Amino acid sequence: MKTAIKKIIHDALEKAQQAGELELSSFPDIVVENPKDEKMGDFSTNVAMTLARSERKSPKVIAESVARYLKNGELSQAEIAGPGFINIKMSQEFFLERLRNAVAQGEDFGQSDAGQGTKVLIEFVSANPTGPLHVGHGRGAAVGDALARILKKSGYDLSAEYYINDVGNQMNFLGRSTWLRYRELLGERIEFPEDHYRGEYIKDIAGQIIDLKGDEFINKPEDECIPFFRKFAKDNILEGIKKDLSEFRVTFDNWFSEESLYEDKSVEKAVEWLRGEGHIYEKDGAVWLKSSAFDDDKDRVIVKQTGERTYFCSDIAYHQNKINRGFKKLINLMGADHHGYVPRMAAVLEAMGYDKNIFKILLVQFVSLLRAGEKVSMSTRSGEFETLADVVSEVGVDAARYFFLMRSSDTHLDFDLELAKKETPDNPVFYIQYAHARICSIFRTAEENGVAWDRSADVDLSRLIEEEEFAIIRAILAFPEIVEKSAKALEVHRTSHYLLDLVSRFHGYYSRHRVVSDDKSLTLARLFLLDALRITIRNGFELMGISSPEKM
RNA sequence: GCGCCCAUGGCUCAGCUGGAUAGAGCGACGGUUUGCGGUACCGUAGGUCGCAGGUUCGAGUCCUGCUGGGCGCACCA
C-alpha cells in the first residue's frame, strides 16, 4: 500500500521539478509513514524536510510546492503540518478497492515476492540428542518455525533444518549413562557419576532395553556394550524430540546428521582446504584455526591432542556444505548462552572467502518460567527440568507458541503458566482467538437471519462510511507490510502486536455498531469488512502457527 | 579483566530506516448492556525513556563513557 503512496509522491516531485519549483539534483528516498494520530491523515511523508538542505529552501516552502502537485484522483487531501510534514488523506475508494483485493486473495493475503525466490536456510533448535527438549528449546522452536513461515510468505525459497550432533563425547556419555542405569535396574549397585546424564528418561530407556534384550549385556565388557547403548539411546531420544516438535507444529525440511559429515569425509576435506589456504597451524599437539585473524578474540582448536575433532571442526564442514547446497543466506538460531560462538563461526566463513553477511545468527534469550508470578526453578544439574512437552500439555500449543512469540527474541521472556491458561483478556491469545470466534458467530447469526454470505458476490461497499470502519480497513491493509518487515528484520513479535491492535479495534467497533440488521445492503457491506478481518486474523495466526477457532 | 544482550508508568512490554504531544495490556479507580458471544466496551490517574556527555534542524532510537541486571569467555557441545 505504501509503495502506491510513494509512487504518487514521486510523481508529484517530478511535476514540481518540471515546473521549475524544485531542482532535485538527485531524487530522495521517499519515506512514507503513518502519522502518530490518525486524525492527521492516512499517511505522512517527510520528503520536504530531507530535501531542505540540498534545495536550500525551508521545508515548508518545499512542502507547499509538493502538496500542490499531489493532486490525484485517489487523493482527497494533502496538508502541511508541523515542521514540514505532508499529511495525505486518500479517498475512500482507494481503500475499498484494496480491501476487495485483500478478500479476493483470501489465504494468500499478506504474501509478497520481497524475497524474490532467494534460497535461504534456517537452522534452529538443533538440540543435542541427549535428553528431551526443554522450555528454552521451545522458544527457539517457536521463533524459528514462525520465521520460516514468514519468510516463505515473503517469497523466499526457504528450507528449515535441524542439525543433529550425533558424534562426540556427549554421545559416549549418553551411552555410558544408559548402560549404567541398565545394570542398576538389573540389580547391580552402581555409583552413578556426577557428570553423566542423570535424568529419569535415561532409566526409561534402560528399561526398554531390558524389555527388548533382557540381561544379555550384563556380563559383557563395557567396550562391547557402549556402541549399542549409545545408538539405542540416541535414536530413542531423537524420536522423542521429533514427536515433541511435531506436536508443537514445528516442521523441518531436513534433519542433518553431523556423523554424515565424517562418513563422506567432508570434515577432513574442509580441514585440508583450510590448511592449504594457510589458515591452520599446529601447536601443543593440536590443530588450530587462525580465527583471530578474522575478528575472533583467539584462535580455536579444531583437532584435539587426542586426535578427536571438536564440534567446531565439523561445524566448519557443515556450513561449507550449506553454502555448497546453493543457499544464499544462512540463518542460525541459538540460545543466548552460545553467543561466544558467533565471531568464531563468522571467522570461518570469512576464511573460506564468503561474504560474512550471508550468515546471520539470531540469539534467542532465556525463558523464565513463572507460575502465578512465582519463578519455577529449572535445575538442569539434577536432570529434572521443565520440558517443552510438559509446558505444552499444561497450557496447550496455541498459548505456548503465542507466549514464545510475543516478545522480541532478544529480551528475556517471562512465561507465566497461569496466565497462559487463563481465558480472560489478560491473556492475549485468548483475546485474539475470541475476536475470531466472535466474527464467525456473527456470520452464523447472519445466516440464521436469512443473509447468506458469498465471498465472491458483488457487495456495495459504499455503505461503509464510519471512521472506525476505515480505521479497521487501514489496519487490515497494513498486514502485508507487517509480514514483509518481520521477514526483513527477522522479528516475529511484530505480528503478535499487530494482531492484538487489529483485534482490539474490532472489539470496540463491535460494541458500538451492529452488523446484522434489517438494512440488508449495510449488513452485507459490514460482513464484507468482517470477512477481510477474519482472513487477516487467520493468516496472521497461521504465520505464528496458532489456530483460529470458529467457536470457543 | 574481555565480549554479547537488556534497561521505557506499580507490573509485563511496543515504539518500524532518527521525526510531530513516548504508546498498549495488566493492576488501581470510575462507568457501559431490553439486539449479532459482557470471555466485551468506554473513561481517569500514572513516565526527568538507568545516569552523564556528544552527533543533528530534530534522539527512547545513533556515538562515547558510566551504573545496574542476564549470559558467555574450554583441546565441552
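Numbers restart at 1 for each chain; the letters A, B, ... are given by sequence-line order, proteins then strands. For clarity, every value in this text was computed on a predicted model and none was experimentally measured.
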dist A:Leu147:CG -> A:Ser409:OG (nearest 0.5 Å) comes out at 7.5 Å
Give the B/S/- string for nucleotides 1-7 of chain B, one per nucleotide from 5' to 3', where a protein heavy atom under 4.0 Å of the base yields B, of only the sugar-phosphate yields S, and otherwise -. --BBSS-
Quick tally for nucleotides 21-30 of chain B: nucleotides whose base has a protein heavy atom under 4.0 Å get B, sugar-phosphate-only ones S, the rest -, giving -----S----
Return the set of residues passing ring-ring contact (aromatic ring centres under 6.0 Å, His included) with A:Phe528 (not counting sequence neighbours), or none when no residue passes. none
For A:Val516 and for A:Ser409, locate the closest nucleotide of RNA chain B by heavy-atom distance; then report the residue assigned to the nucleotide nearer the 5' terminus. A:Ser409
Note: for A:Glu258 and A:Arg512 on RNA chain B, the residue whose nearest nucleotide lies more 5' is A:Arg512
Relative to the ring of A:His493, is the ring of A:His497 parallel (under 30°), tilted (30 to 60°) or perpendicular (over 60°)? perpendicular
With under 30° as parallel and over 60° as perpendicular, where do the rings of A:Phe173 and A:Tyr197 fit, or are they tilted in between? perpendicular
Give the rounded distance in Å between these two atoms: [atom1] of [X] and [atom2] of [N].
X	N	atom1	atom2	value
A:Gln170	B:C76	CD	P	12 Å
A:Ile62	B:C57	CD1	P	15 Å
A:Arg309	B:C76	CZ	P	14 Å
A:Ile316	B:C75	CD1	P	14 Å
A:Glu550	B:G37	CD	P	14 Å
A:Asp296	B:G72	CG	P	18 Å
A:His497	B:U12	NE2	P	15 Å
A:Phe312	B:A77	CZ	P	12 Å

Test side-chain contact (heavy atoms from CB on, under 4.5 Å) applied to A:Asn357 - qualifying residues, sequence neighbours left out: A:Asp355
Who are the side-chain contact (heavy atoms from CB on, under 4.5 Å) partners of A:Glu469, not counting sequence neighbours? A:Leu464, A:Glu466, A:Tyr509, A:Arg526, A:Leu529
For [X], answer base if it contacts any base atom (sugar-phosphate contacts may also be present), sugar-phosphate if it contacts only those atoms, and nothing otherwise; contact means non-hydrogen atoms under 4.0 Å.
X	result
A:His493	sugar-phosphate
A:Phe443	nothing
A:Asp337	sugar-phosphate
A:Ser408	sugar-phosphate
A:Met406	nothing
A:Gly508	sugar-phosphate
A:His513	base
A:Lys551	base
A:Ala489	nothing
A:Asp284	base

Any side-chain N or O of [X] below 4.0 angstrom from OP1/OP2 of [N]?
X	N	value
A:Arg526	B:C36	no
A:Ser441	B:G37	yes
A:Ser511	B:G38	no
A:Tyr197	B:A77	no

Determine, step by step, whether A:His436 and A:Arg538 satisfy the side chain to side chain donor-acceptor pair (under 3.5 Å) criterion, reporting the C-alpha distance in whole Å, the side-chain angles of both residues, the deciding distance to 0.1 Å, and the verdict. CA-CA 8 Å; A:His436 184 267; A:Arg538 276 185 199 158; 3.1 Å; yes
Side chain of [X]: nearest nucleotide among [options]?
X	options	value
A:Lys304	B:U39, B:C75, B:G37	B:C75
A:Arg514	B:G35, B:A77, B:U12	B:G35
A:Arg407	B:C73, B:U12, B:C16	B:U12
A:Gln305	B:A77, B:G38, B:C75	B:C75

Quiz question: going by heavy-atom distance under 3.5 Å, is there a donor-acceptor pair between the base of B:A20 and the side chain of A:Asn87? yes
Check: A:Asn46 side chain, B:G19 base, donor-acceptor under 3.5 Å: yes
Taking the ring of A:His507 and the ring of A:Tyr431, is the distance between their centroids below 6.0 Å? yes
Distance flag, aromatic centroids of A:Phe256 and A:Tyr162, threshold under 6.0 Å: no
Any protein N or O atoms within reach of nucleotides 9-11 of chain B? Criterion: under 3.5 Å, listing atom names and distances.
none

Any stacking of A:Phe85 on B:A20, going by centres under 5.5 angstrom and planes within less than 30 degrees? yes
Is the base of B:C36 stacked against the aromatic ring of A:Tyr510, taking ring centres under 5.5 Å apart and planes under 30° as the test? yes
A:Ser291 side chain vs A:Lys298 backbone, donor-acceptor pair below 3.5 Å: yes
Checking A:Lys7 against A:His10: is there a side-chain donor and acceptor pair closer than 3.5 Å? no
Given side chain to side chain donor-acceptor pair (under 3.5 Å), test A:Tyr281 with A:Asp299 step by step and report yes or no. CA-CA 10 Å; A:Tyr281 64 93; A:Asp299 293 343; 2.6 Å; yes
Here's one to test your reading of the geometry: is the NZ or CZ of A:Arg309 within 45 degrees of the ring axis of A:Tyr262 and under 6.0 Å from its centre? no
With A:Arg474 as the cation and A:Phe43 as the aromatic partner, state whether NZ or CZ is under 6.0 Å from the six-membered ring centre and within 45° of the axis. no
